[in-house]
Amino acid sequence: MPELPEVETVRITLLPLLMNKKIVSVQLLYDKMIVNNTPESFTSRLVGQTFRGIERRGKYLIFILSNLKMISHLRMEGKYYLKDESIPIEKHEHVIFTLDTGESLRYHDTRKFGTMELLEFNQISQTGFSSLGFEPFDDEFSWIYLKEKLAHSNRPIKGGLLDQSVISGLGNIYVDEVLYSSKIHPARLCSSIRDDEFKKIAENSKVILEKAINLGGASVHSFSYGDGITGRFQNELNVHTHADEPCNECGYVIEKMKVAGRTTYYCPNCQRM
DNA sequence: CAGGTCTCCTGCTAGC
DNA sequence: TGCTAGCAGGAGACCT
């Protein structure tokens with residue numbers, strides 16, 4: 001499942017491949033992934049647009065076009081490939097952007113959970129994109145910001161950190177790793193988190209995401225990159241997917257439990273209630 | 001408002 | 001071997 005580091009890796013990879021290339025036609029093969037627009041309008045407005053940049057906010061990719069922007073969320077398994085337009089369309093390719101170079105940008109998504117939203121430059125998104133909290137790299141982000149957002153919440157801290165309107169970019173993998181590094185049990189209520197613990201969460205979020213970006217993100221479970229790109233951060237994971245293995249810190253066996261509706265990995269010794 | 005639960009979708013796995 | 005039930009999961013809809 002692509003989280004901030006994986007989406008950033010996609011952005012960096014795709015940018016030089018698409019810059020200044022023009023969309024000459026669009027084939028939409030799965031209508032339900034388009035948000036806040038009809039399929040006909042979505043495809044027709046894109047024709048003639050040129051890629052001028054790609055930005056990222058949290059886990060969202062933002063394709064900057066001539067006079068539109070396209071907000072793309074990969075959810076669990078979304079991938080982009082650049083292929084020669086003559087190559088036959090594969091089973092899970094749902095959107096085909098044919099370019100003026102004879103290539104085509106293909107959006108591939110096995111589970112069809114991804115979304116795309118086309119917006120004017122000054123238009124507000126109808127999705128969670130418009131209510132994203134700061135990401136750990138923002139100047140405005142700090143442990144005090146986190147405390148203000150969470151200290152009065154009775155959710156488990158795991159759920160609080162997964163909430164993109166609180167902190168954007170963390171998903172199931174990285175929340176587990178941040179809480180492990182911060183020595184905080186994932187089921188602890190947000191309201192019980194102390195100042196020194198908020199400090200650790202804020203610091204570790206930044207450090208872990210930075211390290212993951214430098215390693216090209218993590219290729220975990222079903223998510224992998226297209227075009228031969230492989231993330232290496234999965235080798236650095238301490239708890240996520242490591243159930244029944246010894247903790248790197250203390251040797252206790254890593255456990256798995258459901259917290260906030262998500263499969264959660266933690267060390268019962270390092271991360272006490 | 002806050003928090004919980006269901007839904008979307010498909011491939012994979014456990015169990016018979 | 002072949003079948004099915006169950007599971008995974010980000011974000012939005014819906015409910016309490």
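Labels below follow one simple rule: chain letters A, B, ... track the order of the sequence lines, proteins then strands, and each chain is numbered from 1.
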In this structure, how many angstroms lie between the [atom2] atom of [N] and the [atom1] atom of [X], rounded?
X: A/Lys158; N: C/dG10; atom1: NZ; atom2: C1'; answer: 12 Å
X: A/Lys32; N: B/dT7; atom1: NZ; atom2: P; answer: 13 Å
X: A/Tyr265; N: C/dG9; atom1: OH; atom2: P; answer: 7 Å
X: A/Met76; N: B/dT10; atom1: CE; atom2: C1'; answer: 11 Å
X: A/Asp163; N: B/dG4; atom1: CG; atom2: P; answer: 12 Å
X: A/Lys79; N: B/dG11; atom1: NZ; atom2: P; answer: 11 Å
X: A/Glu117; N: C/dA11; atom1: CD; atom2: P; answer: 14 Å
X: A/His152; N: B/dA2; atom1: NE2; atom2: C1'; answer: 14 Å

Q | Degree of bending in the helix from B/dA2-C/dT16 to B/dC16-C/dG2 once both end axes are built from five pairs, to 10° | A | 50°
Report yes if at least one side-chain N or O of [X] is closer than 4.0 Å to OP1 or OP2 of [N]; otherwise report no.
X: A/Thr115; N: C/dA11; result: no
X: A/Gln164; N: C/dG10; result: no
X: A/Lys59; N: C/dA11; result: yes
X: A/His92; N: B/dG11; result: yes
X: A/Lys258; N: B/dG4; result: no
X: A/Tyr60; N: C/dG10; result: no
X: A/His73; N: C/dA11; result: yes
X: A/Thr110; N: B/dC9; result: no

Q.
On the side chain of A/Arg262, is there an atom forming a donor-acceptor pair with the base of C/dA8 - under 3.5 Å, no angle test?
A. no
Q.
Should the side chain of A/Arg75 and the base of C/dG9 be counted as holding a donor-acceptor pair, with the cut-off at 3.5 Å?
A. no
Q. Would one find more than 12 heavy atoms of other residues, nucleotides or ligands at under 6.0 Å from atom OH of A/Tyr252?
A. no
Using a distance-only test with no angle check, is there a side-chain donor-acceptor pair under 3.5 angstrom linking [X] and [Y]?
X: A/Arg106; Y: A/Ser104; value: yes
X: A/Glu6; Y: A/Tyr174; value: yes
X: A/Tyr80; Y: A/Thr13; value: no

Q) Under 6.0 Å between ring centres, would you say that holds for A/Phe134 and A/Tyr145? A) yes
Q) Does the separation of the ring centres of A/His108 and A/Tyr81 fall below 6.0 angstrom? A) yes
**Q.** Pi stacking test for A/Phe113 and C/dG10: under 5.5 Å apart, planes under 30°
**A.** yes
Q: Using a 4.0 Å heavy-atom cut-off across all strands, classify A/Asn154 as base, sugar-phosphate, or nothing.
A: sugar-phosphate
Q. Can you get from A/Met70 to A/Ile54 by hopping between Ile, Leu, Val, Met, Phe, Trp and Tyr side chains that sit under 4.5 Å apart?
A. yes
Q | Electrostatic pair A/Arg57:A/Asp138 at N-O distance under 4.0 angstrom | A | yes
Q.
Let's see if you can work this out: which of C/dG12, B/dG11, B/dC9 has an atom nearest to the side-chain heavy atoms of A/Thr127?
A. C/dG12
Q: Look at the side chain of A/Lys112 and decide which nucleotide, out of C/dA11, B/dT10, C/dG9, has an atom nearest to it.
A: B/dT10
